Undergrad: 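Can you read through this structure? Questions will come right after.
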Amino acid sequence: MKILVAFKRVIDPDARIKLTADRSGVDTDSVEYKANPFCENALEEALQIAEEHDGEVVLVSAGGPDIDKTIRAGLALGAERAIRVEIEDTVLDSDLAARVFAAVYKEEEPDIFFFGKQAIDSDNNQCGQLVAEYLGLPQACFASEVVIDDDGEVATVTREVDGGLETIALTLPAVITADLRLNTPRFAKLPDIMKAGRKTIDVMDLDDLDIEDTALKIELVSLEEPSARQAGVKVGSIDELVDKLKNEARAL
Amino acid sequence: MSVTKLLLDESHVLLRKQCERFARAEIAPHATKWEEAGIFPRELYGKAAAAGLLGIGFDESVGGSGGGSLHLVVSIEGLMRGGSTGVAVGLWSLGIGLPPLVQSKDSFLTDTFVRPTLAGETIACLAITEPGTGSDVAGVRTRAVRDDATGDYIVNGAKLFITSGTRADVITTLCRTGDDPHGGLTFFVLTPDMNGVSVSRSLRKTGWCASDTAELAFDNVRVPATHRVGAEGSGFVTLMRNFQTERLALAAYGVATAELALEESLRYVRERSAFGRPIAKFQVTKHKLADMATKVEAAKCMTYQVAAAMDAGKYQGRDKALASAAASDAPSPAASVHSLRSSELNDARIDGVRPPQPATAPRSPRATPTPNLGLVKEVSMAKNFAAEVAVSVCYDAVQLHGGMGYMRETLVERLSRDARLLPIGGGTQEVMKEIIAKQLGL
């Protein structure tokens with residue numbers, strides 16, 4: 001069984017970020033990157049399935065050579081090799097990323113294509129769905145449990161939906177996107193970290209993949225920083241609090 | 001950002017992140033409770049082993065994770081993010097308890113004690129200090145006497161300030177087997193199930209509170225000869241090698257302690273207001289923090305540089321890196337008076353012959369010969385410098401926190417107590433200075 005995992009890097013969510021002077025993006029000069037947490041869940045699930053079904057896990061990511069660090073972190077967790085599609089990752093939108101991944105799928109023909117349910121930087125939650133659509137594959141998004149049958153032909157996926165859980169069965173190959181509660185990603189051990197440095201990252205570009213439509217469908221107009229938090233006030237009594245909530249905040 | 005980044009490769013960066021993630025998930029939420037309890041759950045050893053954190057710096061052939069001195073340094077920094085030196089040093093007592101066993105290349109000792117400890121199943125500690133002797137290891141009085149009838153050794157004595165000692169399964173104990181102050185020392189592995197081994201006291205400390213510390217008593221303990229580590233008389237040289245790693249680790253604890261205190265202070269001065277503005281706006285605060293940050297950077301540079309130099313043979317594992325450093329270190333005329341060449345060192349270890357004493361220079365019977373292990377001076381300097389930086393930066397951090405800095409609820413209060421041991425443990429500041437001075441030819 002072969003499992004492909006889309007693996008994206010995001011700016012460390014604990015880091016303080018600034019916008020560039022022209023507000024066209026985030027100033028990336030001194031920011032730290034890490035793997036998108038949902039992608040880590042996707043990789044962990046892929047590794048567990050591969051261990052159980054004697055499979056191979058392949059990572060795929062899109063970006064320049066500087067994303068190799070993040071890819072190596074994924075290889076250290078146990079993926080066997082990786083594919084990096086050379087593209088400036090600042091000019092990607094969900095649709096182009098999906099076209100790239102769909103093209104890689106055709107090269108690799110995996111049984112399962114795992115995604116994180118969304119990336120925590122742009123929060124678009126589109127990529128997995130678009131890939132399934134372009135490839136005509138069944139999809140199960142927001143998975144909180146994945147069971148593959150002994151023959152490796154059917155995935156039974158529990159999805160977190162509003163108000164409860166939905167369990168669906170998909171015929172493989174299929175696209176599955178991972179939710180945070182799917183699993184707890186493992187720790188990379190030092191010997192595996194060392195081995196990751198020697199694993200292969202194959203580099204492809206858009207021409208190799210025959211992607212015709214490379215147009216961006218989303219235009220970034222501008223970014224705004226959240227407004228600074230207003231100072232609070234201290235109230236002297238419960239009555240005053242109720243009065244303020246009623247008459248000033250109009251919350252009651 | 002620190003210039004020390006230049007010394008790190010991807011494996012160091014990734015490893016540090018892994019350790020940090022473990023510390024934030026498994027240590028930080030419980031640190032205060034464990035500090036107050038004076039101990040942490042035994043299960044944490046298993047969890048740390050499963051995350052691959054216990055075997056760093058130990059060769060994969062003995063059940064370790066491989067890696068070198070710089071990996072060890074960054075792993076300590078990562079673990080310290082849990083906010084408890086006690087937990088970090090408690091987990092790492094194997095880092096000083098196991099290397100003598102590994103060095104002996106004894107497969108019985110490796111399989112019986114090293115592997116299970118690196119797997120997180122058993123706890124190891126190192127027992128050197130005694131009620132009557134500390135940094136002066138030649139004064140060790142715990143005696144192992146060979147029983148000619150059985151070949152066993154009978155051990156009598158007491159050991160003090162033993163980290164993880166109240167519940168250790170593997171007690172790597174330095175004993176006297178001969179009268180020569182240095183050549184008469186031998187390590188043995190004692191276990192708590194042996195008749196006559198007992199914990200006399202669990203000691204209450206100023207800092208490092210989440211780690212247990214014991215006084216141990218040995219009363220006619222019968223120890224099989226298979227538990228002897230290396231040849232009789234090999235203990236001193238083994239210990240000197242062990243000190244190198246221990247002291248580098250203590251430098252790393254110093255760097256990590258100081259860095260945490262600095263970060264806490266930077267956060268606090270932005271939040272805390274006095275006279276109508278955040279105290280970060282006062283020049284006196286800014287200059288104090290500038291000094292603190294400079295000291296942290298300097299200590300970090302020194303510690304990382306020494307670790308990188310120890311790793312000069314790139315990830316051959318601690319022991320080999322140390323040996324190659326020793327071999328490449330041509331002894332200066334001044335230093336060689338009190339030093340062993342690496343070849344002599346190996347002979348001393350393998351054959352159990354007493355390290356040759358220099359014929360020149362009359363010395364007091366207690367003067368300590370210093371085997372030339374390579375970088376002895378630099379490791380001692382890094383340990384002293386980082387320890388001093390930790391103490392001074394924590395002092396300033398408490399000062400910046402004012403009354404809050406004296407409250408148990410702030411991290412800097414704990415760090416300031418934890419830092420105080422660094423110039424004492426693993427060889428006092430004064431003993432480090434003696435070693436440095438000796439290497440300067442004094």
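Chain A is the first sequence line, chain B the second, and so forth, proteins listed ahead of strands; every chain is numbered from 1. This structure is a prediction, so every number in the text was calculated from the model and none was measured.
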Undergrad: Using a strict threshold of under 4.0 Å (side-chain N to carboxylate O), is an ion pair present between A:Glu32 and B:Lys5?
TA: yes
Undergrad: Using every non-hydrogen atom in the two residues, find where A:Thr184 and B:Arg21 come nearest and quote the distance to one decimal.
TA: CG2-NH2, 4.5 Å
Undergrad: Should we say atom CG of A:Asp22 is surrounded by more than 12 heavy atoms from elsewhere, each under 6.0 Å from it?
TA: yes
Undergrad: Would you compute the distance between atom CD of B:Gln18 and atom CD1 of A:Ile193 and round it to the nearest 0.5 angstrom?
TA: 5.5 Å
Undergrad: Which residue out of B:Gly52, B:Ala51, B:Ser75 racks up the most heavy-atom pairs below 4.5 Å with chain A?
TA: B:Ala51
Undergrad: Verify side-chain contact (heavy atoms from CB on, under 4.5 Å) between A:Met194 and B:Ser11, making sure each step is shown before the conclusion.
TA: CA-CA 6 Å; A:Met194 296 300 205; B:Ser11 71; 3.9 Å; yes
Undergrad: Can you name the nearest heavy-atom pair linking B:His71 to A:Leu190, along with the distance?
TA: CD2-CD1, 3.7 Å
Undergrad: Using salt bridge (Lys or Arg N to Asp or Glu O under 4.0 Å) as the criterion, list what pairs up with A:Arg84, not counting sequence neighbours.
TA: A:Asp68, A:Glu86
Undergrad: Does A:Lys69, at its NZ atom, have more than 12 non-hydrogen atoms belonging to other residues, nucleotides or ligands within less than 6.0 Å?
TA: no
Undergrad: With a 3.5 Å distance limit and no angle check, can you tell me whether B:Lys17 reaches the backbone of A:Ala73 through a side-chain donor-acceptor pair?
TA: no
Undergrad: What part of A:Ala76 gets within 4.5 angstrom of chain B, counting heavy atoms only: side chain, backbone, both, or neither?
TA: side chain
Undergrad: If you look at every heavy atom in B:Phe22 and A:Phe187, which pair is closest and at what distance?
TA: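 That closest heavy-atom pairing would be N-CE2, 3.5 Å.
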